[in-house]
Trainee: 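Pasting a structure below so you can have a look.
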Amino acid sequence: MADPILRATGLSKRFGSQQAVKQVSFDIQPGEIFSLLGPNGAGKTTTISMLSGLLIPTEGDALIAGHSVTRQAAAVKQAIGVVPQEIALYPSISARENLAFWGRMYGLGGAHLKERIAATLEVAGLADRADDLVETFSGGMKRRINIAVGLLHQPQILFMDEPTVGNDPQSRRRILDTVKDLNRHGLAVLYTTHYMEEAEELSHRIGIIDNGELIALGTQAELTRTVGEFDTLHITVDREGDALDALCRHMEGVGEVSHCTTDNGGLLLQVKDANAALAGVVAGIAAQGARIRDIDIREPNLEAVFLHLTGRALRD
Amino acid sequence: MKILHIAWKDTITRLRDRRAIIGFLLAPLVVAGLIGAAFGPAFRGERPLSDIPIFLVNEDTGEIGDIYAEVLSSPDLDGLFAVTESDDLAAARAAVESGDARAAVHIPADFSEDLLAAAQTAADVPVTVAVYTDPTASISPFIVSAVVERITLSVNTLMLSGQIGTNQALSHAALLGPALAELDSIVPQVIEAQAETAGQTSIGLTRLALGEEETDANPFSYFAPATAIFFLMFSMMDSTRSILQEETMGTLPRLITTPTPVSHILLGKIGGAFLTGILQFLVLVLASAVIFRLDWGNPLALAAVMLATVFAATSLGALISALARNETQAGILGSAITLVSAALGGTFAQASTLPAFMQPFSKMTINRWSLDAFLELTFGQADMAAIFPHLGVLLGMAAVFFFVALVLFQRRFVR
Ligand SMILES: Nc1ncnc2c1ncn2[C@@H]1O[C@H](COP(=O)(O)OP(=O)(O)OP(=O)(O)O)[C@@H](O)[C@H]1O
Ligand SMILES: [Mg+2]
């Protein structure tokens, strides 16, 4: 295998007494999409910030394109493209002026800069709106320009921090397709998200991060294998809040249920074999006087992996 | 290069912001214009006022004091003043304070005696005519002071040329003829006259100084630079606060992820504010020169004062932003410091009228040093050498604020 484009070793960040990231290590190969999957506050942004020279690691280091983030920040910054979680553009100047400004910050100029602006506007699908002020754009359009800025200087690896948050399904689709398209042209991507589906769709490999710790790492197949033969039953019932939690506690130990957690209006039950367990589970719920509205059998997925590893649902 | 790109980005962004333009350029012009309109007639030598009520308390036992009495109620002044002669200074001052009179001119008992003695012995005894003015009145105190000063200058000249002596019979009107003939245009000429005589009769002037400081303040040449400095401070607080604004907007963190050193980013941001300030000052100076026909004095020295003032104001703004926890706090702190500096530094009323214990605080403000330098240039028609001390203080403040701000920001943005 070629040298990794990114190698993080023992990255740690402490804010006062809070350990936001603990001993995180992973590699990203050239041409790979690597996702960091984790809930809010897991430490995704903190990790990306250390990799992009915004935060100094309390411990550990990372090599990007062969340069150390702590000791050769300038070279690292030239190699990476960064798409921040929040839109970071100047609203009162046009899309083209934004791209020109950010391009200059990467040392681009002249005809080459013009060319790159045109190319990234094409990627964003906003060539026809290039001269409009960014403040007149929709949220989705701003997101796309936000991404375009990260591509201007043709980085070797692109960092994307939850780029689809707050987008309608259509813009979200567009962004995911863009990422795949860029990757097809050989760009390595470090992608963070708390959406399991995005990580599953995009990634060659996935790191699951929780409470600042990387708790699992591998391809989707490798990860789901760690939960083994477990299936997940998602059952929607006519209970909410405390009543739902109480029902959930009752269900643990009923039949083959090894673990129960709640997830927006439903129960997530971990069982050995969904088909075999179903009858007992239905009876168990009925015995508690609850009515079932919907039952969904899920094959092992990243949600199940997270549940298995942390005992919590990925989404809060 | 990147520094310039950042500075330029900030400048064009601000220039496109119509609200900011109003704040940076139009508001100061309008405020200066309002003051200019209030003082304008005097400035152009017109005389819209008449019968300005003044008190003359002439206690002089000699004859020179009579010159003042004679000139102030001279028909040549065309009823400009309604003079009440009185020998009760306290009552006269009370009348001014209560608003019944606009000014009280006081000539002390030994005025002539002291003056002539001083002239003969060439001793440096201060002899003073005091003008007490109504601080709430806008235009009339300046006129009274200007006329009294004109008389003083004439007396001064006559003394120096030996035309007033111990044994000489005085024919006041004859002696003062040339001066009186000009009285119609006295007010606009005051500054010029001072500039002309300052060099030749400086010895004489110290002997016969007027006690009232406001005498040399042509209102507009005073308030134009004062207003400009005041608004400059506001906009420099605003522009440097954009560093914190970019921090919350996320564009500053993003800038740090580009291969641009943090020091360059900061220099670019502060440089952008500096550019805005220069532009603002330039527009105000040019506009007031054209619209209000204001003479700003030696252009090279003027440029130096402008640069030093903008540098100091920008650095102070940067320091405040660097010290503040967030944008809101910086905004409050910046406005407070701007207003206090303005009050202490002479923006609203001459700093020299502040009580003595306030003077050291006044001299800690950018406003004071800058305004004093401008006044040297506008009133004093001074050259570069005269404002070296002011430039030194302003640049010293600027350098200290600038470097402290830079260090604080560096620590703040890369943790
Ligand atoms: N500047 C900071 N000072 C103090 N604590 C911080 C700081 N930045 C992050 N944290 C804390 O570190 C932890 C990780 O935060 P981080 O922003 O990296 O999470 P995240 O995975 O990106 O979450 P999200 O999905 O909400 O963006 C959180 O508990 C957060 O409160
Ligand atoms: Mg985040």
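Order of the sequence lines sets the chain letters (A, B, ...), proteins ahead of strands, with each chain counted from 1. Everything numeric here is computed off the predicted structure, so don't read it as measured data.
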Trainee: Measure A/Asn98 against the heavy atoms of chain B and call it side chain, backbone, both or neither at under 4.5 Å.
Mentor: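 Answer is neither: A/Asn98 stays 4.5 Å or more from chain B.
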
Trainee: So, taking the atom named CD1 in B/Ile12 and the one named OH in A/Tyr90, what distance separates them when rounded to the nearest 0.5 Å?
Mentor: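 So the gap between those two atoms works out to 11.0 Å.
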
Trainee: Do the side chains of A/Arg104 and B/Lys2 get nearer than 4.5 Å, heavy atoms only?
Mentor: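 Of all side-chain heavy-atom pairs linking A/Arg104 with B/Lys2, none is under 4.5 Å.
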
Trainee: Give a yes or no on whether B/Gln329 atom CD has more than 12 heavy-atom contacts from other residues, nucleotides or ligands under 6.0 Å away.
Mentor: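 Check passes, neighbour count above 12.
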
Trainee: For A/Leu89, which atoms come within 4.5 Å of any heavy atom of chain B: side chain, backbone, both, or neither?
Mentor: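 Both backbone and side chain.
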
Trainee: Identify the heavy atoms of B/Gly250 and A/Ala88 that sit nearest to each other, and give their distance.
Mentor: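 Of all heavy-atom pairs spanning B/Gly250 and A/Ala88, the closest is O-CB, 3.3 Å.
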
Trainee: For A/Glu97, which atoms come within 4.5 Å of any heavy atom of chain B: side chain, backbone, both, or neither?
Mentor: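 For A/Glu97, side-chain heavy atoms alone lie under 4.5 Å from chain B.
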
Trainee: Identify the residues of residues 251-277 of chain B whose heavy atoms come closer than 4.5 Å to a heavy atom of chain A, ordered by number, or report 'none'.
Mentor: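 Heavy-atom contacts from residues 251-277 of chain B to chain A are B/Thr251, B/Pro253, B/Arg254, B/Leu255, B/Ile256, B/Thr257, B/Thr258, B/Pro259, B/Thr260.
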
Trainee: Report, as yes or no, whether the 6.0 Å neighbourhood of atom CZ on A/Arg7 holds more than 12 heavy atoms from other residues, nucleotides or ligands.
Mentor: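 It does not: A/Arg7 CZ has 12 such atoms or fewer within range.
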
Trainee: Below 4.5 Å, heavy-atom pairs only: which of A/Trp102, A/Phe159, A/Phe101 has the largest tally toward chain B?
Mentor: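 Of the candidates given, the most pairs with chain B belong to A/Trp102.
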
Trainee: Can you tell which part of A/Glu86 gets under 4.5 Å to a heavy atom of chain B, answering side chain, backbone, both or neither?
Mentor: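 The answer is neither part of A/Glu86.
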
Trainee: Identify the heavy atoms of A/Pro91 and B/Met249 that sit nearest to each other, and give their distance.
Mentor: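 Between these two residues, the closest heavy atoms are CD-CE, 3.8 Å.
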
Trainee: Report the option among A/Ile80, A/Val76, A/Val149 that has the most heavy-atom pairs separated by less than 4.5 Å from atoms of chain B.
Mentor: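 Between A/Ile80, A/Val76, A/Val149, the count favours A/Val149.
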
Trainee: Tell me whether the count of non-hydrogen atoms from other residues, nucleotides or ligands lying under 6.0 Å of CZ in B/Arg412 goes above 12.
Mentor: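 Enclosed.
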
